[in-house]
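These numbers come from a predicted model, not from an experiment.
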Amino acid sequence: MFQGLRTAAYYAPDLAKAKAWYTTVLGIEPYFSEPFYVGFNVGGFELGLHPDPGASLEGLGGAVPYWGVADASAAHDRLVSLGAKSLSPPQEVGGGIKVAVLEDPFGNALGIIENPHFALPAQ
């Protein structure tokens, strides 16, 4: 079901400052930059910055790993059926990208992302 790790999202209340800092650290400009999210393509993986951690993520820490899936809704439903708790159901975030966040049965944040802009690596 998982296609591989795609995104690590860090929550940054001062998005402009975080964007500037990571642009300097990475030496690249973000490929996606909106007031609600900034994304960098780092060697085929995404580093995402998000200004609002949301009440649903309290207690899970500041970073959420996102696993690539072909269908966010189907993957979300399957994970819930296997005992995960939905914290943020699948939602379109722009550019055809859909994300969801769940809590696994062990208290870990588990993000899923359907991102048509990231191609699967050659096998």
Side-chain angles (χ1 to χ4, degrees):
M1 176 173 119
F2 289 153
Q3 297 174 334
L5 187 61
R6 296 280 187 271
T7 303
Y10 296 117
Y11 295 97
D14 186 336
L15 190 58
K17 187 179 236 181
K19 175 183 170 183
W21 192 81
Y22 276 101
T23 297
T24 299
V25 168
L26 299 171
I28 58 172
E29 293 292 323
Y31 82 92
F32 188 87
S33 182
E34 295 292 335
F36 55 87
Y37 187 82
V38 173
F40 294 89
N41 184 339
V42 184
F45 297 93
E46 182 170 359
L47 170 60
L49 305 173
H50 193 293
D52 180 10
S56 63
L57 295 178
E58 288 177 9
L60 293 178
V64 178
Y66 284 83
W67 292 93
V69 296
D71 181 330
S73 293
H76 175 270
D77 292 348
R78 179 172 183 267
L79 289 166
V80 168
S81 76
L82 294 172
K85 176 183 172 186
S86 179
L87 300 178
S88 175
Q91 59 185 333
E92 168 85 30
V93 294
I97 300 167
K98 297 177 186 170
V99 299
V101 179
L102 303 99
E103 181 179 343
D104 75 10
F106 316 101
N108 298 299
L110 174 61
I112 55 175
I113 183 166
E114 176 184 333
N115 186 341
H117 306 288
F118 276 86
L120 291 174
Q123 298 288 327

Peer 1: Nearest 0.5 Å, what's the NZ-OG distance between K98 and S73?
Peer 2: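 Separation between the atoms: 5.5 Å.
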Peer 1: Side chains of Y66 and L5: does their closest heavy-atom pair fall under 4.5 Å?
Peer 2: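 Heavy-atom side-chain distance check fails, nothing below 4.5 Å.
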Peer 1: Please check this pair: side chain of E114 against backbone of A72, looking for a donor-acceptor N/O pair closer than 3.5 Å.
Peer 2: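 Such a contact is found between E114 side chain and A72 backbone.
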Peer 1: Can you give me the closest heavy-atom contact between P35 and P51, atom names plus distance?
Peer 2: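 Heavy atoms of P35 and P51 come nearest at O-CG, 3.7 Å.
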Peer 1: State, yes or no, whether a side-chain contact exists between I113 and W67 at a heavy-atom distance under 4.5 Å.
Peer 2: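 In short, these two side chains do not touch, never coming nearer than 4.5 Å.
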Peer 1: Tell me, do L49 and F40 make a side-chain contact under 4.5 Å, heavy atoms counted?
Peer 2: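 Side chain of L49 against side chain of F40, heavy atoms only: contact under 4.5 Å found.
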Peer 1: For the residue pair L82 and R78, establish whether any side-chain heavy-atom pair is separated by less than 4.5 Å.
Peer 2: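 Yes; the side chains approach each other to less than 4.5 Å.
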Peer 1: Please report the shortest heavy-atom distance between A18 and A12, naming the atom on each side.
Peer 2: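 Minimum heavy-atom contact is CB-CB, 3.5 Å.
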Peer 1: I need the minimum non-hydrogen distance between V93 and F32, along with the two atoms involved.
Peer 2: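 The answer is O-CZ, 4.3 Å.
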Peer 1: Between G48 and T7, which heavy-atom pair has the shortest distance, and what is it?
Peer 2: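 Answer, listing the atom of G48 first, then T7: N-CG2, 4.3 Å.
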Peer 1: Roughly how far, to the nearest 0.5 Å, is CG of N41 from CG of L47?
Peer 2: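 The distance works out to 10.5 Å.
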Peer 1: Enter the distance from H50:NE2 to F36:CZ here, rounded to the nearest 0.5 Å.
Peer 2: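 Output value for this atom pair is 8.5 Å.
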Peer 1: Does a side-chain heavy-atom distance below 4.5 Å link V38 with L15?
Peer 2: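 Of all side-chain heavy-atom pairs linking L15 with V38, at least one is under 4.5 Å.
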Peer 1: Counting only heavy atoms not in F45, do more than 12 sit closer than 6.0 Å to its CZ atom?
Peer 2: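 Open: at most 12 neighbouring heavy atoms sit under 6.0 Å from CZ of F45.
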Peer 1: Can L79 and L110 be said to form a side chain to side chain contact (heavy atoms under 4.5 Å, CB included), step by step?
Peer 2: CA-CA 10 Å; L79 289 166; L110 174 61; 4.0 Å; yes
Peer 1: Measure the shortest side-chain to side-chain distance between L102 and H76 over non-hydrogen atoms and say whether it is less than 4.5 angstrom.
Peer 2: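 In contact.
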Peer 1: Just so I know, are the side chains of E46 and N115 near enough to count as touching, which here means a heavy-atom distance under 4.5 Å?
Peer 2: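 The answer is yes; the side chains approach within 4.5 Å.
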Peer 1: Taking the side chain as every heavy atom from C-beta outward, state whether V42 and L26 have any pair of such atoms under 4.5 Å apart.
Peer 2: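 Yes - at least one pair of side-chain heavy atoms lies under 4.5 Å apart.
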Peer 1: Look at the side chain of H117 and the backbone N and O of G95, then say whether any donor-acceptor pair between them is shorter than 3.5 Å.
Peer 2: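 Yes, H117 side chain to G95 backbone: donor-acceptor pair under 3.5 Å.
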Peer 1: Write out all pairs satisfying side chain to side chain donor-acceptor pair (under 3.5 Å) with one or both partners inside residues 16-28, taking only residues at least two apart or from two chains.
Peer 2: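 Passing the test, one end in residues 16-28: K19-S33.
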Peer 1: Kindly say whether G96 contributes a backbone atom to a donor-acceptor pair with the side chain of E92 at under 3.5 angstrom?
Peer 2: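 Yes, because the side chain of E92 sits within donor-acceptor range (under 3.5 Å) of the backbone of G96.
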